[in-house]
Amino acid sequence: MLSLYNDLTRKKEKFYPIDKKKIRMYVCGVTVYDDCHIGHARSAVVFDVLRRLLEYLGYEVIFVKNFTDIDDKIIKKASQEGVKTEQIAERYIKSYDEDAESLSIKAPTYSPRATDMISQIVQMCKTLEDKGFAYSVDGDLFFDIKKFKSYGRLSGKNIVELEAGSRVEINKKKHHPLDFVLWKKSKSGEPKWQSPWGEGRPGWHIECSAMSTFLLGPTLDIHGGGEDLIFPHHENEIAQSEAATGKPFCRFWVHNGFVVTGGEKMSKSLKNFWTIKDILKLIPAEQLRYFLITTKYRSPLKFNWDDVKKAKRALDRLYGTLERIDEYQAKSGENCHLSINVENIVEKISDDLNTPAALGLLFDLSREANSLMEDGKFSKADKQCFDRIVKFCSDVLGILQMSPSTWFHNTINVPINSDQKAGMVSKEEEIETMIKKRNNARKEKNFKEADRIRKLLSDKGIILEDTATGTKWKSIN
RNA sequence: GGCGGCAUAGCCAAGUGGUAAGGCACGGGUCUGCAAAACCCUGAACCUCGGUUCGAAUCCGGGUGCCGCCUCCA
């Protein structure tokens, strides 16, 4: 049974969808004006794990994640570069897709762009105006929050208090400082679309309401995003959607915590961010994915290179067990000695996505398996049990997806979901040759030469292991 | 000013009423030509002060520190 922390009720609740088998899930995507950083990666991975878990549990998940492809920052960037906003959007949508693929993020069922949904957006704005929830002033259309009684419920904000100490700048067109723009009159030279209020473009919040309603219907099972979106973005989505449809907008609101560095939120404006692409030049994507799930999704995730490196060592341990199992001749026998099965892991993750606890079980399991093999007791039943768990890790967590030799031999720039070796062939041959030389020296008891070669390789980050079945090598980072 | 979150060993991180998972690092051992890996053993933690309770890291209240939202933000 899956339970999720619901920000709407501020407590952990048993999750069940409206339809027995079908889940409608919407996650706010990125505004495409720059490369994504680890904060975006975290959000993407968290909701990818949730989506994969739901599918693992047997649900059909209709998953929508949008691209905001028209907004002030995109317009600004386009004018700086002297190109059209479409070109900027196209470039960074491509960049996002590349990052998502590297990180094994499963593609959403739908990835709508705001500019492809203008008619639905205009339609919803019109409905809001017709119903008296919106007013137009000089080409702009605003949402009238005073008309929506439960405004502030999700974020726990009190409108009066917000007004009193707020930093919201005064816009004289607005009836209330917190009223927000649904349709924005375009300035000259800006992209524009026809509407009943004149030429303009959508405000930010309305696109999510229009898209989700159009693609998923009036009521969602799950709506996700970073916790910075709770207010005002998600608050406004609720107001717009419920005002327009008259139905509850979403049952479960799920938000991921920030990636922090040096104790501060990682963000563009603080210039303390690492892009996904920069990181993946240095470490395997699976290592980043593992790192991102070592902390519960709602807690702040402290990013520092020291701990990212430790994630590699931890995965080495798991892959080491996988490799040992591959080479081990399992004893026949129905007896399963392992004390942990895949259900135990599923149970942990089903508890509000407690990935760290699930990973903890994985290491317990690894020790048990290693120990059984040391004692020659690892059975075929044990192997089956272990295989099921590895498959779950691969399918849902997105780790342990490759073969151990791929992991150990080529740990950089490997597409996470591919077993292909990337440009390491000549280096591998070189290493194999040196290993042969060293083993010849060992046969002749020339240990000085053998150790010289070992040192030579270890200086290049290649560690040798002499085992009963021969010498193995792996690269360390 | 308003609202909210967090504080667990050297570092990271679970646990949310019954006596502290896990990973990395450290120490001792087994194994090894030497290593590595693995296994075994070991040490080490619940910010502070009160309260509730037979019993609190876990609940309540005060304090301190840090962070977030209230403006675009994953």
Side-chain angles (χ1 to χ4, degrees), chain A residues 7 10 27-31 33 36-47 68 71-73 152 155-158 160-169 178 204 224-233 235 255-260 263-270 273 290-291 294-296 298-302 304 306-318 320-321 323-324 348 351 354-367 369-375 408 442 445-448 450-451 454-455 458 463-468 471-474 476:
Chain A
D7 280 302
R10 286 153 208 276
V27 173
C28 287
V30 293
T31 301
Y33 73 103
C36 292
H37 58 66
I38 326 169
H40 302 107
R42 184 184 196 194
S43 184
V45 167
V46 163
F47 291 107
T68 300
D71 100 312
D72 289 346
K73 287 191 288 279
S155 55
K157 307 278 187 199
N158 176 307
V160 178
E161 284 165 356
L162 269 170
E163 207 169 357
S166 75
R167 298 182 281 159
V168 179
E169 55 182 280
L178 291 176
W204 174 40
E227 67 181 356
D228 47 358
L229 298 182
I230 294 172
F231 190 89
H233 185 53
E235 199 69 70
H255 295 95
N256 67 278
F258 298 130
V259 175
V260 299
E264 283 178 315
K265 175 183 173 183
M266 184 176 286
S267 72
K268 299 267 174 175
S269 50
L270 290 168
F273 61 92
Y290 174 90
F291 176 75
T294 52
T295 300
K296 284 200 72 178
R298 290 194 291 112
S299 305
L301 172 64
K302 294 177 233 175
N304 66 76
D306 200 33
D307 292 318
V308 172
K309 282 178 190 156
K310 287 170 184 169
K312 167 71 167 60
R313 300 287 305 132
L315 272 172
D316 280 350
R317 182 169 169 77
L318 297 177
T321 302
E323 184 171 55
R324 215 161 291 119
K348 289 289 182 202
D351 179 15
N354 194 340
T355 48
L359 294 173
L361 287 183
L362 235 43
F363 288 99
D364 290 334
L365 181 80
S366 185
R367 170 166 298 113
N370 287 333
S371 184
L372 285 166
M373 283 186 282
E374 290 259 315
D375 298 341
F408 286 123
R442 288 173 71 214
K445 306 273 183 207
N446 184 355
F447 295 120
K448 202 176 165 190
D451 287 346
R454 183 206 288 289
K455 175 80 168 40
S458 88
I463 295 295
L464 298 185
E465 295 177 13
D466 298 322
T467 72
T471 301
K472 287 200 186 91
W473 65 273
K474 61 186 188 192
I476 53 156

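Reminder, nothing fancy here: chain letters follow the sequence lines and each chain counts from 1.
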Could you state the atom-to-atom distance from [atom1] of [X] to [atom2] of [N] in whole Å?
X       : N      : atom1 : atom2 : result
K265(A) : C72(B) : NZ    : C1'   : 9 Å
H255(A) : A74(B) : NE2   : P     : 13 Å
M266(A) : C69(B) : CE    : P     : 14 Å
M373(A) : A38(B) : CE    : C1'   : 9 Å
F363(A) : C24(B) : CZ    : P     : 6 Å
L372(A) : C39(B) : CG    : C1'   : 12 Å
L365(A) : A21(B) : CG    : P     : 18 Å
K157(A) : G5(B)  : NZ    : C1'   : 12 Å

| field | NZ or CZ of K472(A) within 45° of F408(A) ring axis and under 6.0 Å | value |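 No, K472(A) does not lie over the aromatic ring of F408(A).
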So [X], base contact, sugar-phosphate only, or nothing? Heavy-atom distance under 4.0 Å.
X       : value
R317(A) : sugar-phosphate
K268(A) : nothing
G257(A) : base
N256(A) : base
F447(A) : base
G39(A)  : base
L464(A) : base
D375(A) : nothing
K445(A) : nothing
V27(A)  : nothing
H233(A) : nothing

| message | To check you understand the geometry: which heavy-atom pair defines the closest contact between G225(A) and S43(A), and what is its length? | response | C-OG, 4.5 Å
Between [Y] and [X], is the closest basic N to carboxylate O distance under 4.0 Å?
X       : Y       : result
K348(A) : D351(A) : no
K309(A) : D306(A) : no
D466(A) : R454(A) : yes
K455(A) : D451(A) : no

Between [options], which nucleotide gets closest to the side-chain atoms of [X]?
X       : options                : result
N370(A) : A13(B), C39(B), C72(B) : C39(B)
R10(A)  : G4(B), G22(B), G23(B)  : G4(B)
E374(A) : A36(B), A74(B), A38(B) : A38(B)
R454(A) : C24(B), G22(B), A35(B) : A35(B)

Give me the distance, rounded to whole Å, that separates [N] from [M] when you measure between the [atom1] atoms they each carry.
N      : M      : atom1 : value
G5(B)  : C59(B) : P     : 12 Å
G43(B) : G28(B) : P     : 15 Å
C6(B)  : G15(B) : C1'   : 16 Å
G2(B)  : G63(B) : P     : 13 Å
A57(B) : G4(B)  : P     : 26 Å
A44(B) : G27(B) : C1'   : 11 Å
G29(B) : C34(B) : P     : 14 Å
U32(B) : C11(B) : C1'   : 31 Å

Considering just the side-chain nitrogens and oxygens of [X], establish if one lies under 4.0 Å of OP1 or OP2 belonging to [N].
X       : N      : answer
R313(A) : A36(B) : no
N354(A) : A14(B) : no
K302(A) : C12(B) : yes
R367(A) : C40(B) : yes
R298(A) : A14(B) : no

Pairing check on [N]: which nucleotide meets the Watson-Crick or G-U wobble criteria with it, both distances under 3.5 Å?
N      : result
U19(B) : none
A44(B) : none
A57(B) : none
U52(B) : none
A38(B) : U30(B)
U64(B) : A7(B)
G1(B)  : C70(B)

| field | hbond_proxy D466(A) side chain to C34(B) base (donor-acceptor, 3.5 Å cutoff) | value | yes
| query | Do R42(A) and A74(B) share a donor-acceptor pair, side chain to base, under 3.5 Å? | reply |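 When only heavy-atom distances are counted, R42(A) does not reach the base of A74(B) through any donor-acceptor pair under 3.5 Å.
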| said: By nearest heavy atom, map L301(A) and G320(A) onto RNA chain B; which one lands nearer the 5' end? | reply: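 It is L301(A), whose closest nucleotide lies nearer the 5' terminus.
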| message | Closest-nucleotide mapping onto RNA chain B: is R442(A) or D306(A) further toward the 5' terminus? I mean the 5' end. | response |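 The residue whose closest nucleotide sits nearer the 5' end is D306(A).
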Flag the pair [X] / [Y] as yes when at least one side-chain heavy-atom distance between them is below 4.5 Å, and no otherwise.
X       : Y       : result
F273(A) : V259(A) : no
R367(A) : R317(A) : yes
R42(A)  : T295(A) : yes

| request: May I have the step-by-step check of side chain to side chain contact (heavy atoms under 4.5 Å, CB included) for D228(A) and K265(A), ending in yes or no? | output: CA-CA 10 Å; D228(A) 47 358; K265(A) 175 183 173 183; 3.5 Å; yes
